[in-house]
Every structure is written in C-alpha cells, then in structure tokens.
Amino acid sequence: MTKIKIFTVGGTIDKIYFDKKSTYQVGDPKIVEVLQEANVTVEFETESIMQKDSLDMDESDRQLIYEKILEDPNDLIVITHGTDTMVETAKTLAAIPDKTIVLTGSMQPARFKNSDAMFNIGCAVAAVQTLPHGVYITMNGQIFNPAKTRKNVDMNRFEKN
Ligand code: ASP
C-alpha cells in the first residue's frame with residue numbers, strides 16, 4: 001500500500017497567535033488533525049524536524065532537512081514549511097534522487113477558520129501520489145517547479161518566474 005512520509009518544519013501553517021501580546025509561537029504540527037478530519041485513507045507517518053518560522057532558518061537547518069529526507073526509506077515525501085523561504089529549501093532538496101518530494105504551507109495558520117492550509121495539504125497529498133520523482137511546491141492550487149517559482153509577497157501568493 002502507498003505510504004506518505006510527512007515531515008513538518010514549522011511556518012505559519014502551525015502558528016498560534018497571542019493577540020494581546022502581539023506575538024506568536026510555532027505550535028505542534030496541525031497536519032495530522034487536518035488529514036484525520038478529511039478521513040484520508042492513504043497510509044501516512046509524520047515526523048517533526050523543527051518548529052521554525054522559515055525566515056529564521058539557516059543553511060544548517062536546510063542541511064538537516066536534506067539529510068533527514070535523504071536517509072528516509074520512503075519515496076513519497078510531503079513537507080509542511082513556512083512560505084517565505086520554501087523555494088530556497090525546495091532548491092536544496094533537488095539533489096535527492098528517486099523520491100517525489102512536495103512542499104506546502106499556508107499563508108494563514110491552520111488553526112484559523114479561513115486558512116488555506118487544508119486546501120494546500122490536500123493538493124500536496126494528491127500531488128505526491130501522482131507526480132514523477134522530483135521536488136515540487138503546491139500552493140494556490142498550482143504545482144510549481146521550485147527552479148522557476150517565487151513568492152510574491154505583496155500579492156501573498158506563489159507565481160512562476
Ligand atoms: N514567515 C512565515 C514563514 O515563512 C510565513 C509563512 O509561513 O507563510 O515561516
């Protein structure tokens with residue numbers, strides 16, 4: 001049976017906001033709840049590598065993500081990641097052979113009612129089962145090649161460049 005390994009590394013998708021203090025924490029990964037609520041029947045396993053805003057990630061974080069995925073025995077990989085440097089991490093992973101790796105995240109925390117998280121996770125779970133080996137980003141209802149993608153910060157969306 002098909003099995004998907006899901007790595008979580010943080011980002012807005014997992015943020016919890018504290019309005020009075022005007023601050024946030026990257027909380028526990030929400031993806032398990034999202035997949036359970038959607039009654040997903042594909043087998044999956046999750047592993048949290050870190051809980052960081054991706055703007056706080058550095059080269060050593062990306063190296064750790066690279067190594068974790070390289071040594072993982074599964075070939076279908078989904079990563080939930082902050083959107084600001086998702087393209088950078090995706091490019092780092094391009095050297096990994098024989099796996100389909102799909103990165104996704106959300107502009108609004110999964111804990112928010114109007115979040116794009118559920119939709120983006122759904123796209124990633126479908127994409128990882130159908131795409132050939134390689135690294136992809138699923139955001140805004142599209143599948144992007146990281147080598148030709150950027151986040152348009154003003155429009156709050158991913159675009160081909
Ligand atoms: N600053 C956040 C991050 O990249 C933005 C997001 O996830 O949408 O982690």
Side-chain angles (χ1 to χ4, degrees), residues 4-38 40 44 46-69 72 77-96 100-128 131 134-161:
I4 303 173
K5 179 69 179 271
I6 300 169
F7 288 100
T8 64
V9 300
T12 293
I13 192 164
D14 289 330
K15 278 182 187 168
I16 305 166
Y17 280 90
F18 304 100
D19 284 350
K20 282 187 189 150
K21 291 191 260 167
S22 270
T23 181
Y24 70 84
Q25 233 174 45
V26 179
D28 290 336
K30 284 289 283 179
I31 190 162
V32 173
E33 220 174 293
V34 170
L35 295 177
Q36 280 168 352
E37 278 170 8
V40 161
F44 65 90
T46 52
E47 182 176 338
S48 171
I49 303 179
M50 62 191 77
Q51 290 175 235
K52 281 195 175 186
D53 186 298
S54 77
L55 291 172
D56 296 328
M57 283 183 180
D58 59 21
E59 266 324 296
S60 66
D61 293 318
R62 284 182 230 286
Q63 190 56 35
L64 177 64
I65 297 169
Y66 176 91
E67 279 158 20
K68 284 272 187 191
I69 292 168
D72 193 90
I77 309 284
V78 168
I79 308 171
T80 60
H81 192 292
T83 60
D84 281 318
T85 67
M86 187 184 284
V87 172
E88 231 175 294
T89 302
K91 285 179 179 164
T92 308
L93 303 177
I96 298 179
T100 301
I101 302 169
V102 179
L103 292 91
T104 195
S106 64
M107 305 291 181
Q108 298 292 328
R111 287 169 175 83
F112 286 11
K113 193 168 162 251
N114 294 327
S115 175
D116 48 334
M118 295 69 173
F119 184 82
N120 295 340
I121 288 169
C123 286
V125 166
V128 79
L131 291 168
V135 183
Y136 309 88
I137 286 174
T138 56
M139 289 293 294
N140 306 103
Q142 291 195 57
I143 296 165
F144 292 99
N145 171 353
K148 297 178 189 158
T149 306
R150 67 181 189 112
K151 179 181 173 183
N152 181 331
V153 177
D154 295 332
M155 303 293 285
N156 223 18
R157 67 184 189 201
F158 280 69
E159 293 174 349
K160 293 190 172 111
N161 64 4

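What you see below is based on every heavy atom in this structure, not just the backbone, and it leaves out hydrogens, waters and symmetry mates. Atoms within each ligand, like the ligands themselves, are counted from 1 in listed order. Just so it is clear, the model here is predicted, and its values are computed rather than measured.
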Exercise. Distance-only, no hydrogens or angles: does the Thr12 side chain make a donor-acceptor pair with backbone N or O of Met107 under 3.5 Å?
Worked result: no
Seminar exercise, completed: In this structure, atom 8 (O) of ligand 1 is nearest to the protein heavy atom Thr83 OG1, 2.5 Å
Exercise. Is a side-chain donor or acceptor of Ser115 paired with a backbone partner of Gln108 at a separation under 3.5 angstrom?
Worked result: yes
Problem set entry | Numbered atoms of ligand 1 (with element) below 4.0 Å of Gly11, judged on heavy atoms | 7 (O), 9 (O)
Exercise. Can a non-hydrogen atom of Gly10 be found less than 4.0 Å from any atom of ligand 1?
Worked result: no
Problem set entry | Ionic contact status for Lys30 with Glu33, cut-off 4.0 Å | yes
Exercise. Does Thr100 use its side chain to pair, donor to acceptor, with the backbone of Leu131 at less than 3.5 Å?
Worked result: yes
Seminar exercise, completed: Of all protein heavy atoms, the one nearest atom 1 (N) of ligand 1 is Asp84 OD2, 2.7 Å
Problem set entry | His81 N/O to ligand 1 N/O under 3.5 Å | no
Exercise. How close does the nearest protein non-hydrogen atom get to atom 9 (O) of ligand 1, and which residue and atom is it?
Worked result: Ser54 N, 2.7 Å
Exercise. For ligand 1, which atoms, with element, lie under 4.0 Å from some heavy atom of Gly82?
Worked result: 3 (C), 4 (O), 7 (O), 9 (O)
For this session: Nearest heavy atom to atom 3 (C) of ligand 1 wins, so pick from Val153, Asp53, Asp56, Asp116.
Result: Asp53
Exercise. Would you say Lys52 has more than 12 foreign heavy atoms packed within less than 6.0 Å of its NZ?
Worked result: yes
Exercise. Side chain of Asp61, backbone of Asp58: donor and acceptor closer than 3.5 Å?
Worked result: yes
